[in-house]
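Report on the structure given below.
Throughout, protein chains are lettered first and strands after them, A, B, ... in sequence-line order, and every chain is numbered starting at 1.
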Amino acid sequence: MTHLDKQYDSKQAEAKWYSLWESEGYFRPASDFKKAGPKASPYVIVIPPPNVTGILHMGHALNNSIQDILVRWNRMKGADALWVPGVDHAGIATQNVVEKKLAKEKKTRWDLGREHFLKEVWKWKEEHGSTITRQLRRLGASCDWTRERFTMDEGLSKAVREAFVTLYERGLIYRANYIINWCPRCQTALSDEEAAHKDLQGGLYHLKYPVVGKNGPYEKMGEDHIVVATTRPETMLGDTAVAVNPEDARYKHLIGKKILLPLVDREIPVIADAFVDPEFGTGIVKVTPAHDPNDFAMGHRHGLEQINVMTPDGKINERGGAYKGMDRFEARKKILQDLEALGLFIKRDSHLHAVGHCYRCDTVVEPYLSKQWFVKMQPLAEKAIKAHEQGKTVFYPDRWTKVYLNWLHGIRDWCISRQIWWGHQIPAWHCQKCKAEDAGIIVSRTAPEKCPRCGSRELIQDPDVLDTWFSSWLWPFSTLGWPENAEDLQKFYPTSDLVTAPEIIFFWVARMIMAGLEFQGEVPFRRIYIHGTVRAASGLKMSKSLGNSIDPLEVIDEMGADALRYSLVMLSAQDVYLSREKFEMGRNFTTKVWNACRFVLMQLEDFKDASADPEQFKKAALSLPDRWVLARFEEKAAEIEKHLGQFGLAQAASELYHFVWDDFCDWYIELAKPMVQGQDAALKHQTQQVLFFVCERILRLLHPFMPFITEEIWQKFKEKAADNLSFPRVLSGNPEHGSPIGTFGDDAVKKGLWPETLMFAPWPHGADKRFEDPDAQKAIGILQKAVSGIRDLRSRFQIAPANKLKAVIACKEEVTREILRTFEREVKVLARLETLDCVREFRKQGAMVANAFPEFDIFISLEGVLDLAEEKKRLQKKLQETEQWIAALHKKLENPSFAARAPQEILEKEKEKLEDAKKLFVSYQSQLASLG
RNA sequence: GCGCGGUUAGUUCAGUUGGUUAGAACGCUUCCUUGACAUGGAAGAGGUCAGAGGUUCGAGUCCUCUACCGCGCACCA
């Protein structure tokens with residue numbers, strides 16, 4: 001006996017099916033098995049590689065759910081589908097984790113030394129690095145784990161070296177002294193994107209600097225001083241000038257004079273530079289070329305000395321005199337105190353300004369002068385802009401295109417060197433001999449033996465490693481085997497879709513496009529889908545540190561992965577604001593699906609007839625509800641197909657939800673019950689077939705969204721079909737369908753050959769003309785109206801369901817009356833009637849109440865007491881509403897401009913509406929009259 | 001400062017190129033344990049679509065302005 005248990009056991013099903021899918025190789029592209037259908041085209045999706053230290057948070061869950069839906073959908077459509085999974089090495093984050101671990105043992109990475117430390121990191125990676133990939137499996141992600149990659153593995157490391165050397169050879173990588181964002185805690189340079197700006201309420205400090213040659217020591221200063229304003233007083237230790245705007249009349253006389261820099265007693269010049277905004281602060285700027293990008297530029301223009309006053313860990317260095325060794329913020333306090341003691345501190349204004357924070361550890365970053373490696377971005381950006389102009393990069397939704405292009409147009413060079421150990425060490429070697437001449441850098445794919453310039457063998461590899469994103473930006477092709485000319489690369493590049501969140505457009509999307517164009521001569525993916533950000537109900541971004549996160553694994557444990565996926569996707573039309581209750585929608589829906597299918601299987605228990613024609617339904621022989629549900633399915637499947645084609649996953653999920661729940665469960669199953677449980681054997685048989693047919697195809701539509709429960713149920717359907725080859729199998733799937741385990745098109749399934757798994761069942765595209773049926777749709781519409789009308793009366797007058805009613809429907813139109821007669825039995829069952837009479841006209845008699853529709857009026861007898869006054873009031877209100885509606889329609893239709901300009905079909909509709917309204921009006925009037 | 005979103009039922013949100021009396025989920029009210037499902041069924045209440053102006057026969061939908069909320073980028077001595 002094939003049946004479903006009363007309760008769905010999500011944990012059991014999830015574990016069972018995932019391990020089967022994976023072990024049987026179902027996640028691999030069909031072409032791996034040389035069994036792809038002749039027309040199978042590749043569908044390849046790019047996943048943002050999660051951080052190796054990470055755990056699955058809701059953002060990942062949404063992102064991966066979307067991707068999995070797309071991959072599974074395409075796989076069912078017969079595509080040679082591939083999703084390459086993997087993680088990136090997350091240089092700074094991972095190093096931090098391991099350093100923290102060492103700190104517990106009171107050790108630092110320098111205690112261990114580079115080699116030993118890296119061994120520790122690898123050890124950590126082996127032990128903990130697979131957390132997130134395990135969690136992705138729990139979610140149901142159908143990625144090809146046999147192709148799993150890691151940015152630090154051999155192949156990808158080779159790709160990184162290849163990319164670096166190639167760019168260097170093309171003159172697109174250079175090394176320079178420049179102000180970069182420096183994280184004093186991680187002790188490394190960061191790119192501009194890695195320094196997240198946050199608005200902070202800080203101080204704008206006004207300080208006095210004495211002018212040299214007037215009054216001498218500070219104590220005696222009169223008016224011969226200038227006032228500068230700064231937010232970072234501690235950098236004054238490195239000032240090498242003060243600047244004013246050349247047009248600023250207040251200060252023209254100062255230009256060329258000298259200033260005695262307090263505390264360090266250094267004489268610095270007053271310079272004129274147009275950069276200075278006379279409106280801001282005092283109009284005088286202290287210039288610190290080693291600690292501010294603008295000052296750095298100014299310093300270059302005026303040939304100023306660059307004095308770095310800080311150590312890599314954010315303390316004042318020996319150039320800071322008495323402040324040496326102090327932390328930068330401590331030094332700030334002390335310097336302000338000292339200046340105050342000297343009478344040089346004037347005031348502190350409160351000042352809102354954006355301060356960069358390290359995106360890994362949230363420490364305030366320091367603009368810091370140092371020698372770093374950079375990628376020259378403009379030539380790369382130009383190619384990307386050109387590709388966009390050629391229509392090669394398409395964003396969904398479109399508005400992100402502008403964000404992307406703006407960034408490209410204002411692009412700045414990318415600082416790619418990091419002063420950490422965990423990562424790809426830069427493939428550059430410094431010749432110790434040539435170094436003295438400021439030359440002797442050798443950039444090479446393999447370690448060079450000697451300096452090509454002087455022949456010295458004293459070569460030391462650059463200690464820095466590359467930004468993690470320098471490996472991530474190669475992901476779409478490095479994971480396919482580049483720089484080798486691999487088969488996968490040939491077959492799967494460029495990929496189809498990239499799915500990601502908006503915060504990563506600059507970090508990753510734009511850079512991948514640039515790398516793809518630079519190294520492959522082609523964009524890495526054709527379409528880019530940017531989905532919403534997951535936020536907590538409060539509106540804040542979900543994050544563990546804020547304590548407002550919901551752990552997706554907990555939701556999976558509690559409600560199942562399918563419930564989590566469905567809820568997330570259905571909510572993902574834009575930014576997703578989450579609370580725990582929102583997952584109940586998906587949970588309830590999975591339960592509903594389970595129970596509906598359970599019912600269907602129960603009705604098929606005694607289906608044994610093997611003589612039926614399995615080829616095709618004969619429309620004429622089907623009942624109206626059967627014809628209706630088939631037509632409705634095709635309609636909905638077509639809509640779902642349309643939505644999925646343009647990343648409208650939320651809409652597709654919503655359509656499915658309502659089709660399954662409202663149409664299939666609430667109406668079709670209820671209508672099928674009397675047929676399948678009645679005495680008419682032929683009708684019963686036919687209905688069983690339709691129940692099976694539609695339900696099985698619903699499972700296929702649902703599968704990408706909720707893979708586990710659908711597989712669990714579908715396997716039962718398959719069992720059922722194996723016993724009963726006469727189940728009709730008119731399928732609209734792709735006959736060219738390919739799968740790792742064979743070819744399953746319509747023909748194969750029709751012949752009783754079912755795929756091993758729902759994953760390879762043909763996708764129903766919908767809009768199958770064979771099932772189109774406006775007559776049936778109209779008829780069921782009438783039925784629904786009649787049933788709802790009676791239920792409405794029942795509810796309004798509080799008639800218990802056990803109380804079987806006598807109803808009369810008065811209907812002028814013969815066709816409609818005929819339809820109602822056909823459904824006499826169904827209406828009686830669904831509306832719980834004792835009798836139903838359909839007549840042409842009817843006059844209300846005695847204790848009766850009525851419900852009016854344009855097509856017909858429904859009357860039921862009422863025993864018991866009826867609040868006539870209340871009913872009269874209601875009818876009067878309805879009458880008034882209808883009157884207003886009629887007036888509005890009249891006005892509209894009598895407007896000559898409307899008649900002249902509105903399209904014909906709109907005009908027709910409006911006229912029909914008017915007719916309906918008039919009919920309603922008459923009904924209400926007569927009802928009122930009968931009430932007296 | 002520049003740019004991008006958003007403002008629709010008590011709450012969270014849909015609403016395709018302007019065209020039924022503006023929808024859903026959750027919540028609420030009433031009734032119902034009828035053999036798939038109470039994680040359910042039936043019925044119902046609830047909205048001058050942020051405000052002002054404009055285009056149009058017709059605006060939640062298009063244009064302008066305003067207000068508020070959110071996001072991104074840049075500058076910030």
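At a threshold of 4.0 angstrom between heavy atoms, the contacts of A:E581 with the nucleic acid are absent. At the heavy-atom level, A:R598 lies under 4.0 Å from the strands shown only through sugar-phosphate atoms. Within 4.0 Å of A:D916, counting heavy atoms only, lies no atom of the nucleic acid at all. Nucleic acid contact class of A:R791 (heavy atoms, under 4.0 Å, all strands): sugar-phosphate only. No contact: A:D295 has no heavy atom under 4.0 Å from any strand. No engagement by A:C597 is indicated, since no non-hydrogen atom pair under 4.0 Å with the nucleic acid exists. Counting any heavy atom pair closer than 4.0 Å across all strands shown, A:P502 reaches no nucleic acid atom. A:V276 comes within 4.0 angstrom of a nucleotide base, judged by non-hydrogen atoms across all strands. Counting non-hydrogen atoms under 4.0 angstrom, A:A888 reaches nothing in the nucleic acid.
Taking the centre and axis of the six-membered ring of A:F708, the NZ or CZ atom of A:K11 falls outside the cone set by 45° and 6.0 Å.
A 3.5 Å limit on both hydrogen-bonding distances identifies B:C2 as the Watson-Crick or G-U partner of B:G72. Across every strand in view, B:C13 sits in a pair with B:G23 that passes the Watson-Crick or G-U test at under 3.5 angstrom. B:G40 and B:C32 make up a base pair, with Watson-Crick or G-U wobble contacts both under 3.5 Å. Across all strands shown, the partner of B:A67 is B:U7, judged by Watson-Crick or G-U wobble contacts whose two distances both fall under 3.5 Å. B:C62: Watson-Crick or G-U partner is B:G54, with both key distances under 3.5 Å.
Considering only the side chain of A:I906, B:G19 comes nearest among B:G40, B:U56, B:G19.
Residues A:F507 and A:Y359 place their aromatic rings such that the two centres sit under 6.0 Å apart.
In this structure, the CE atom of A:M585 is 15 Å from the P atom of B:U12, given to the nearest Å. A straight line from CH2 of A:W400 to C1' of B:G5 spans 8 Å, rounded to a whole angstrom. Nucleotide B:A43 holds its P atom 11 Å from the CG atom of A:D662, rounded to whole Å. In this structure, A:I886 atom CD1 and B:U20 atom P are separated by 19 Å, rounded to whole Å.
For A:S788, a side-chain nitrogen or oxygen approaches OP1 or OP2 of B:A43 to under 4.0 Å. Side-chain N/O atoms of A:W661 include none lying less than 4.0 angstrom from OP1 or OP2 on B:G40. Between A:K592 and the phosphate of B:C37, there is no side-chain N or O to OP1/OP2 separation shorter than 4.0 Å.
For the pair A:K878 and A:E883, the salt-bridge criterion is not met [side-chain N within less than 4.0 Å of a carboxylate O].
Side-chain atoms of A:E670 and base atoms of B:A36 include a donor and an acceptor less than 3.5 Å apart. One cannot find a donor-acceptor pair under 3.5 Å joining the base of B:C57 and the side-chain atoms of A:K892.
Checking side-chain atoms of A:H643 against main-chain N and O of A:E655 turns up no donor-acceptor pair under 3.5 Å. Checking side-chain atoms of A:D292 against main-chain N and O of A:D295 turns up a donor-acceptor pair under 3.5 Å.
Residues A:C597 and A:L4 meet the side-chain proximity criterion, which asks for heavy atoms closer than 4.5 Å.
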